[in-house]
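Take a look at the structure set out below.
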Amino acid sequence: MDINKLVESFLGSGASNTPSMGQQAGQQAGQQAGQPMGQQMSQQIGGALKSFPGGLAGGAAAGGLVALMLGSKKARKVGGTVLTYGGMAVVGGLAFKAWQNYKANQSNRPADMHDIPALPSDSGFDPAHSRDAQGNDMRLALIQAMISAAKADQHIDDVENSRIREQIDAAALGTDEKSFLFDQLGQDSDPIAIARLAQDEPQAAELYLASALAIDIDTPEESRYMERLGDALRLPGPLIKQLQDHAVAAKDAGMS
């Protein structure tokens, strides 16, 4: 399976070509003198968010298959812009920042989209270079988490399901990549199954953050889904709050 190509098709053009945050930390060319790498990346993401063409429809067209699956305007905006620019590295960076705040007992510190850190290579928050509990590429687990969460409020009816399947079938993907997406689309929304993919707390945080990006938690079904996911992942309450705050801040940035 070509995971890079799968990620690019799911998140949007260019997503799989973005270096991991660990790699970016070591790249100096093109950075402004004296500007922290995390701040620069955040500013670039912000620029992409503000200049994204076509509004909601443009987001769905350019943001990849994920934008078709996400039910809310905010979630579609995130799928069509933040993740398109930074790929799964954005999920890792946001989860790492939330985890840092939690570990520093800064549970009340507001999420700051201008302070997304570069990931240390051994942080455990780099999806492109880690394996989930089943031994698979962590980026696949994050795709599974987003699809499962997006289906929590059952907004994907038969008509929407058929439309998404048509888009998958038309995508420039191989048989294995399409089969993976078809399988995930056909699975029930199951937070327990998603929680089983995490082998440690960093991965649990990434799975929760990816899920929170996919929904707005504004229906009883979504609220219950995220509650069950947090319990199954055994995440502490203060860490869950940080992850939720960072997901909301990312979506708010996408609407500005």
Side-chain angles (χ1 to χ4, degrees), residues 10-12 15 21 38 41-42 45-46 48-49 59 63 66-67 69-102 106-117 119 125 127 138-139 141-153 189 191 194-195 197-198 201-219 221-233 235-256:
F10 184 72
L11 296 182
M21 288 190 177
M41 179 176 182
S42 179
I45 292 173
L49 291 170
V66 64
M69 297 181 185
L70 305 187
S72 70
K73 185 175 181 181
K74 281 187 179 181
R76 288 186 188 223
K77 202 71 172 178
V78 170
T81 53
V82 172
L83 294 178
T84 298
Y85 171 79
M88 291 303 184
V90 168
V91 177
L94 291 172
F96 180 57
K97 183 59 181 174
W99 185 79
Q100 277 188 321
N101 287 356
Y102 160 68
Q106 296 177 331
S107 297
N108 295 322
R109 181 177 179 179
D112 183 0
M113 292 300 98
H114 294 284
D115 190 22
I116 301 174
L119 295 179
F125 285 89
M138 187 60 189
R139 291 172 295 177
L142 296 178
I143 291 175
Q144 290 175 258
M146 296 188 75
I147 294 176
S148 180
K151 296 171 65 178
D153 66 351
S189 179
I194 296 301
L197 299 174
E201 190 170 78
Q203 289 189 355
E206 288 177 319
L207 289 168
Y208 189 94
L209 192 284
S211 301
L213 284 174
I215 54 179
D216 277 344
I217 319 181
D218 56 4
T219 68
E221 294 83 3
E222 291 171 328
S223 179
R224 177 58 179 158
Y225 181 92
M226 295 304 294
E227 180 182 345
R228 293 180 64 205
L229 180 62
D231 288 345
L233 289 169
L235 292 172
L239 177 53
I240 287 177
K241 182 180 184 304
Q242 278 291 323
L243 293 166
Q244 290 175 343
D245 288 348
H246 279 72
V248 169
K251 285 182 275 192
D252 285 346
M255 298 298 292
S256 60

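Both backbone and side-chain heavy atoms feed into the values below; hydrogens, waters and symmetry mates do not.
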One should read off an interatomic distance between Leu94 CG and Asp245 CG, to the nearest 0.5 angstrom, of 12.0 Å
Check: To the nearest 0.5 Å, how far apart are CD in Glu222 and OG in Ser211?
Finding: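 It is 11.5 Å, given to the nearest 0.5 Å.
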For residues 141-150, which side-chain N or O atoms pair as donor and acceptor with protein atoms under 3.5 Å away, sequence neighbours left out?
| residue | atom | partner | partner atom | Å |
| --- | --- | --- | --- | --- |
| Ser148 | OG | Asp190 | N | 3.1 |
| Ser148 | OG | Tyr225 | OH | 2.6 |

What are the two closest heavy atoms between [X] and [Y], and how far apart are they?
X      : Y      : result
Met88  : Pro127 : O-CG, 3.6 Å
Gly92  : Glu206 : CA-OE2, 3.6 Å
Tyr102 : Pro236 : OH-CG, 3.2 Å

Q: Would you please name every residue forming a side-chain contact (heavy atoms from CB on, under 4.5 Å) with Ala198, sequence neighbours left out?
A: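 Scan of Ala198 (side-chain contact (heavy atoms from CB on, under 4.5 Å), adjacent residues dropped) gives Gln203, Ala204, Leu207, Leu233.
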query = Sequence neighbours excluded, which residues qualify as side-chain contact (heavy atoms from CB on, under 4.5 Å) partners of Ala98?
reply =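 For Ala98 the side-chain contact (heavy atoms from CB on, under 4.5 Å) partners, ignoring immediate neighbours, are Gln242, Leu243, His246.
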| Given side chains that start at C-beta, do those of Tyr208 and Met226 come closer than 4.5 Å, heavy atoms only? |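 Answer yes - side chains close enough.
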Sorted by chain and number, sequence neighbours left out, salt bridge (Lys or Arg N to Asp or Glu O under 4.0 Å) with Glu221 holds for none
Those residues at least two apart in sequence (or on a different chain) that pass salt bridge (Lys or Arg N to Asp or Glu O under 4.0 Å) with Arg224 are Glu227
